[in-house]
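All chains are named by letter (A, B, ...) in the order of the sequence lines, taking the proteins before the strands, and each is independently numbered beginning at 1.
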Amino acid sequence: MEILKIFRDEAERLLKSAGYPGKVEEAREEFGDFTFPCFPLAKERRKSPIDIAREIAENIEKSDYFENIESVAGYVNFRISPKKLAKITLNAVLEGRIFEFEKKEKVIVEHTSANPTGPLHVGRTRNSLIGDSMGRILRRYGHEVEIHYFVNDVGKQVAMLLWGVKNIRIEEDNEREDYRYVKYYQAAYKEAEKDPELEKKVQDIIWRYERGDPELRELAKKYVGGIMRGIIESLRRINIEFDEFVWESSLVDKAREILPLLRDYISEEDGAYYADLKKLGIEGKEKLYLYRSDGTTLYPLRDIAYHLYKAERAKKNIDVLGEDHKLHFEAIKRLLQIIKPDAELYALFYSFVKLPEGKMSTRQGRVVYLDDLVNEAMEKVREIIKDRGYGEEELERITQMVAVGAIRFHILNVQEEKPMTFRWENALSFEGESGPFIQYTYARASSILRKVSWSGEFDASQISHPQETRLLKLLAKYPDVIRDAATRLSPYLVAKYAYTLAAQFNQFYRDCPVIKAEKGVREFRFALVKAFKEVIKDLLNLLGIEAPEKM
RNA sequence: GGGCGCGUGGCCUAGCAUGGAUAGGGCGCUGGCCUUCUAAGUCAGUGAUCGCGGGUUCAAAUCCCGCCGCGCCCGCCA
């Protein structure tokens with residue numbers, strides 16, 4: 001239910017009946033809510049914009065949707081009636097209608113899909129958080145959403161890991177599996193630097209693994225499976241879960257089957273096959289190899305097989321991908337659509353999280369692991385709330401919520417394609433534009449409602465304070481924000497809005513006493529606080545952040 | 001070299017898709033506000049040639065062209 005559209009439509013209806021049909025725009029607050037710039041009309045009407053605006057304002061019909069319509073410097077400004085707004089908005093929120101969107105289609109969101117060669121680091125986590133939040137937003141928007149992780153157990157990286165497991169002896173301690181096994185991977189790469197022959201041995205592992213070599217499958221089950229368990233555990237700590245894990249090795253046969261379907265676009269070279277991207281209208285690369293001359297498949301082919309698998313299950317597919325995948329994605333999409341022309345495939349690209357000293361790399365051990373970030377954040381939160389008289393269990397619970405809130409918000413609050421540099425002091429900031437700020441605001445609202453008993457009745461005409469109106473106007477934007485985030489595939493829009501809304505509530509909180517307000521006003525404010533609480537809780541949920549009643 | 005993305009106060013960031021009225025926030029720094037619903041809050045001050053140069057327009061951070069800087073991609077890796 002889009003609330004502002006009701007007012008926008010009314011403004012445009014009034015303009016039309018005044019003889020000046022057109023679109024209104026959002027106005028800066030000091031001028032009103034909607035504005036109609038008259039400059040473009042000046043030429044055709046042979047009048048100055050100022051006169052046109054004045055004429056409209058003088059002749060326009062009155063409406064109880066607007067408390068004021070006036071002309072200022074060539075603009076016609078409309079100011080929404082607070083009473084009308086309060087009535088529509090509060091009812092929409094409190095009856096839950098504001099959260100309802102049209103039922104849409106099935107969507108698969110694939111995210112993270114990190115190589116299972118070691119623990120998850122913060123660089124990769126941006127992918128996970130964007131994907132997870134995107135999934136939540138699409139679900140809220142009415143889609144039936146399924147979240148996928150594509151487990152890359154076939155490629156060279158995993159072959160390196162397995163080579164390491166077989167050939168390098170490492171003292172294992174009691175660390176979690178992902179931390180234990182990554183050492184084989186790192187050691188194998190060190191070995192590869194010294195020994196150029198290793199490349200061949202790894203190719204042999206790839207070949208045998210693809211053909212289902214039992215010993216290698218067994219090893220992969222233990223080591224790749226173990227690392228995956230670690231990654232899943234790390235992600236679970238920050239509220240991320242998946243509906244389906246698709247193992248790449250399970251798609252090798254399917255990958256071989258689809259090769260002939262692409263035959264018109266494929267050429268052979270020494271027994272290897274590649275797609276001619278130029279012929280497909282894709283710039284940046286000529287030959288995309290799909291099949292090695294030794295008879296093993298290459299990642300692009302397996303990826304097409306996977307996308308075909310997904311396209312058969314859902315009309316719409318969204319991949320969350322690092323910026324390095326742009327060309328690959330274009331190619332995959334074209335090739336997929338040759339096989340299945342009605343497949344709808346979209347990508348949500350993001351830039352890497354770097355360290356001040358450069359790109360994160362598991363191979364080189366230059367990383368900040370997600371678990372370390374979570375641990376640090378928890379320690380810092382614990383330090384802040386340890387003397388607030390919470391019981392042990394509650395303290396741990398709040399600590400966890402706030403720490404995760406800080407991390408998730410920090411990463412989600414930036415436009416996805418903007419490069420990010422990880423800095424501890426920023427990631428662990430709990431003040432200002434941060435997750436804990438919003439959670440704290442939620443706790444304040446909860447605290448008010450906890451202290452009163454209220455029948456649920458209220459009178460919207462009791463609206464009296466500008467801060468009440470401001471808060472309502474922002475609440476009324478909720479449906480537009482969700483629609484934008486869902487259609488533009490941009491979770492950060494939700495993060496920005498959540499912060500703005502919380503900040504607005506804090507101003508209301510400062511200026512408008514609720515519990516001590518006189519009868520009538522008090523009930524109206526209860527309703528407003530309750531509405532804010534509902535909406536901000538939903539927004540936090542879309543960001544994967546829990547809303548603490550106390551903190 | 002070609003392609004894609006990013007460039008906004010000391011630092012981080014919104015606005016750019018759909019051009020409009022003094023470019024919003026946050027961090028930092030300075031100074032206020034707890035006898036009233038949680039001070040993880042709030043108020044005031046500080047600080048911006050919107051990378052550079054042209055063009056289009058009544059109007060450009062926003063659109064177009066050229067250039068510069070940074071990142072990413074251009075592999076029988078994934």
Distance-only donor-acceptor test (3.5 Å): side chain Arg388(A), base A40(B): yes

Touch class at under 4.0 angstrom, heavy-atom based, for Asp294(A) against every strand present: nothing

Touch class at under 4.0 angstrom, heavy-atom based, for Arg302(A) against every strand present: sugar-phosphate

Touch class at under 4.0 angstrom, heavy-atom based, for Lys550(A) against every strand present: base

No-H, no-angle donor-acceptor pair, Thr35(A) side chain to A21(B) base, under 3.5 Å: yes

Lys/Arg-Asp/Glu bridge criterion (N-O < 4.0 Å) met for Arg408(A), Glu546(A): no

Sorted by number, the residues of residues 506-519 of chain A with heavy-atom contact under 4.0 Å to RNA chain B: Asn506(A), Gln507(A), Tyr509(A), Arg510(A), Cys512(A), Pro513(A), Val514(A), Ile515(A), Lys516(A)

Carboxylate-amine/guanidinium contact Glu26(A) Lys477(A), below 4.0 Å: yes

Sugar-phosphate, base or nothing in reach of Ala443(A), heavy atoms under 4.0 Å: base

Residue list, salt bridge (charged side-chain N to carboxylate O under 4.0 Å, His left out) with Lys496(A), at least two apart or on another chain: Glu433(A)

Selected nucleotide, minimal atom distance to Met551(A) side chain, candidates G20(B), A40(B), C72(B): A40(B)

Heavy-atom protein contacts under 4.0 Å, nucleotides 2-19 of chain B, coded B base, S sugar-phosphate only, - none: --SSSSB----SSS-B--

Arg525(A) side chain near C37(B) phosphate (N/O to OP1/OP2, under 4.0 Å): no

Sugar-phosphate, base or nothing in reach of Ser293(A), heavy atoms under 4.0 Å: base

Parallel, tilted or perpendicular: rings of Tyr185(A) and Tyr189(A) (30°, 60°): perpendicular

Residues Glu199(A), Lys156(A): salt bridge by 4.0 Å N-O rule: yes

Base-pairing assignment for A61(B) (Watson-Crick or G-U wobble, both under 3.5 Å): none

The single option from Arg525(A), Lys473(A), Gln462(A) passing side-chain hydrogen bond (donor to acceptor under 3.5 Å, both in side chains) against Glu468(A): Arg525(A)

Pro491(A): which of Leu129(A), Ile411(A), Leu543(A), Leu348(A) passes side chain to side chain contact (heavy atoms under 4.5 Å, CB included): Leu348(A)

Distance in angstrom units between Asp324(A) CG and C74(B) P, rounded: 8 Å

Sugar-phosphate, base or nothing in reach of Glu199(A), heavy atoms under 4.0 Å: nothing

Side-chain N or O of Arg28(A) closer than 4.0 Å to phosphate OP1/OP2 of A23(B): no

Sugar-phosphate, base or nothing in reach of Val402(A), heavy atoms under 4.0 Å: base

Could you pull out all donor-acceptor pairs under 3.5 Å where a side-chain atom in residues 320-327 of chain A meets a protein atom, sequence neighbours excluded?
unit_1: Glu323(A); atom_1: OE1; unit_2: Ser351(A); atom_2: OG; d: 3.3
unit_1: Lys326(A); atom_1: NZ; unit_2: Glu417(A); atom_2: OE1; d: 3.0

Interatomic distance where CD1 belongs to Ile266(A) and C1' belongs to C76(B) [whole Å]: 14 Å

Out of A40(B), G26(B), A21(B), whichever nucleotide has its closest atom nearest the side chain of Tyr499(A): G26(B)

Check the interface with nucleotides 55-65 of chain B: list each N/O to N/O pair with the protein under 3.5 Å, or write none.
unit_1: C58(B); atom_1: OP1; unit_2: Lys43(A); atom_2: NZ; d: 3.0

Under 3.5 Å, which donor-acceptor pairs link side chains of residues 510-519 of chain A to any protein atom two or more places apart or in another chain?
unit_1: Asp511(A); atom_1: OD2; unit_2: Gln467(A); atom_2: NE2; d: 2.7

Strand partner of C33(B), provided both Watson-Crick or wobble distances fall under 3.5 Å: G41(B)

